[in-house]
Enquirer: 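Take a look at this one; I'll ask things after.
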Protein chains: 2
Amino acid sequence: MERDTRQRAAIRSAIETAARPLAPHEVLDLARTTVPQMNLATVYRNLKAMQAEGIIAVVRLPGESARYEPNHLAHHHHFQCDGCKRVYDIHGCTGEMLHSVPSGFLVARHELTLYGLCDACSPQRRALGKLRPVPSRPATT
Amino acid sequence: MERDTRQRAAIRSAIETAARPLAPHEVLDLARTTVPQMNLATVYRNLKAMQAEGIIAVVRLPGESARYEPNHLAHHHHFQCDGCKRVYDIHGCTGEMLHSVPSGFLVARHELTLYGLCDACSPQRRALGKLRPVPSRPATT
DNA sequence: ACGTTTATGTTAATGCATTTGCATTTGCAA
DNA sequence: TTGCAAATGCAAATGCATTAACATAAACGT
């Protein structure tokens, strides 16, 4: 994976541009706006290569398959919308939960996931009829 | 699933007795100490039924398949050992992380997972040679 | 522009967790 | 104790995300 291809550029751009972690099929959808014939296998191949190169990071949420985001982001956590299933970044983390472990246990890192409704799916917003109940790309995995 | 069978009792007992969430094959292993011919399909059938009855809850961790625990536990989180991959309950949760969400977002619940080494797998413990590097039932899913 | 070499598109194959079909066994009410 | 519906054991089948095989197309050094 060292040549410059249109598909590789489109994939990288999709991930760098998105403000949230993307699932492989979301990457595919975005990249196809640039390279229509893009194939999911190509997405997977490039995701794996970009991971190895260290330019993207894997995001895993409970019960969900892997998502990907740029690797240059500061420590943060995630929010998954119960409505559209999209995942958003949440910045800011006071790590005060790292102290309630039993003695003898060593904490190396932690993952926090919040669940609820995103702005687009919130009751108010939906009541106003400003947009569809659920964004175009729902129920990822 | 309304009859009293030896396998159902063994499965329920395994989950109630364990101090941590169990994966289906862990339930199987434990239940087999009581009912040797127990089959994994039976475990799955009963896990599903017990969920429906509300007596057990599903625990999902990032990148892991489902685990199960009694449904009567208070709000808590989990710790997964990087060594033996077992999951432990962590009690106590000051919910102060629920405030850093973007405006328009509504938080309904949250999941916290800590990672590190459990007591049995800790460097000191292992250096003392008190037990095997990794407990008998490692690398669950 | 050419040729070599690597990446892509397609499609089939994996790997796993979980489920299902079916013959057999078992719980339990009569 | 008998009879039948419900559970179990076994093995095959699903469902999905991810990967591999291989022929074709595109990158890039010469």
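So you know, we letter chains A, B, ... as the sequences are listed, proteins then strands, and number each from 1. For the numbers below, each heavy atom of this structure counts, side chains included, while hydrogens, waters and symmetry mates do not.
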Enquirer: Would you kindly give the CZ-to-C1' distance between B/Arg32 and D/dT8, to the nearest whole Å?
Expert: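 Going from CZ in B/Arg32 over to C1' in D/dT8 covers 13 Å.
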Enquirer: Closest to the B/Ser65 side chain: C/dA17, D/dA7, C/dT6?
Expert: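 The answer is C/dA17.
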Enquirer: Could you check whether B/Glu64 and B/His78, counting side-chain N and O atoms only, form a donor-acceptor pair closer than 3.5 Å?
Expert: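 The criterion, which ignores hydrogens and geometry beyond distance, is not satisfied for B/Glu64 and B/His78.
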Enquirer: Separation of A/Arg45 atom CZ from D/dA17 atom C1', in whole Å?
Expert: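 It works out to 15 Å between those atoms.
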Enquirer: Would you mind reading off the distance between A/His25 atom NE2 and D/dC16 atom P, rounded to a whole angstrom?
Expert: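 One finds 13 Å between P of D/dC16 and NE2 of A/His25, rounded.
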Enquirer: Round to a whole Å and report the spacing from OH of A/Tyr44 to C1' of D/dC16.
Expert: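 So the two atoms are 9 Å apart, to the nearest Å.
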Enquirer: Is it the case that the base of D/dA5 and the side chain of B/Arg3 share a donor-acceptor contact (distance under 3.5 Å, atom types as modelled)?
Expert: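 Indeed, a donor on one side and an acceptor on the other fall under 3.5 Å apart.
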Enquirer: Does one hydrophobic cluster hold both A/Met50 and A/Val59, with members joined at side-chain heavy-atom distances below 4.5 Å?
Expert: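 Different hydrophobic clusters.
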Enquirer: Give, for atom CZ of B/Arg86 and atom CD of B/Glu26, the distance between the pair rounded to the nearest 0.5 Å.
Expert: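 These two atoms lie 7.5 Å from each other.
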Enquirer: Please state how far atom CG in B/Leu47 lies from atom C1' in C/dT20, giving the value in whole angstrom units.
Expert: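 Roughly 16 Å, once rounded to whole Å.
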Enquirer: Quick check for you: to the nearest 0.5 Å, what is the distance between B/His76 atom NE2 and B/His91 atom NE2?
Expert: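 Going from NE2 on B/His76 over to NE2 on B/His91, the span is 5.5 Å.
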Enquirer: Just checking B/Asn39: base, sugar-phosphate only, or nothing, at a heavy-atom cut-off of under 4.0 Å?
Expert: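 If one applies the 4.0 Å heavy-atom cut-off, B/Asn39 turns out to touch a base.
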Enquirer: Between B/Arg109 and A/Asp82, does any NZ, NE, NH1 or NH2 come within less than 4.0 Å of an OD or OE carboxylate oxygen?
Expert: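 Salt bridge present between A/Asp82 and B/Arg109.
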Enquirer: Are any of A/Thr5's side-chain N or O atoms less than 4.0 Å away from OP1 or OP2 of C/dT8?
Expert: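 Looking at the OP1 and OP2 atoms of C/dT8, one of them is under 4.0 Å from a side-chain N or O of A/Thr5.
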Enquirer: So, OP1 or OP2 of D/dT8: does either fall under 4.0 Å of a side-chain N or O from B/Asn46?
Expert: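 It does, given that an N or O in the side chain of B/Asn46 lies less than 4.0 Å from OP1 or OP2 of D/dT8.
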Enquirer: For C/dT18 and B/Lys48 - does any side-chain N or O of the residue sit under 4.0 Å from the phosphate oxygens OP1/OP2?
Expert: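 Checking C/dT18 against B/Lys48, no side-chain N or O comes under 4.0 Å of OP1 or OP2.
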Enquirer: Would you say D/dA26 has OP1 or OP2 under 4.0 Å from some side-chain N or O of A/Gln7?
Expert: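 No, because none of the side-chain N or O atoms of A/Gln7 sits under 4.0 Å from OP1 or OP2 of D/dA26.
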Enquirer: To the nearest Å, give me how far apart CE (B/Met38) and P (C/dT25) are.
Expert: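 After rounding, the reported distance stands at 18 Å.
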Enquirer: What's the closest nucleotide to the side chain of A/Ala41 if the choices are D/dA27, D/dG9, C/dT11?
Expert: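 For A/Ala41, the side-chain atoms sit closest to C/dT11.
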Enquirer: By nearest heavy atom, map B/Ile11 and A/Asp4 onto DNA chain D; which one lands nearer the 5' end?
Expert: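 The residue mapped nearer the 5' terminus is B/Ile11.
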Enquirer: For B/Arg8 and C/dT26, give me the distance from atom CZ to atom C1', rounded to whole Å.
Expert: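 B/Arg8 atom CZ is separated from C/dT26 atom C1' by 15 Å.
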Enquirer: Rounded to whole angstrom units, what separation is found between the CG atom of A/Leu40 and the P atom of C/dA7?
Expert: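 My rounded result for the distance is 18 Å.
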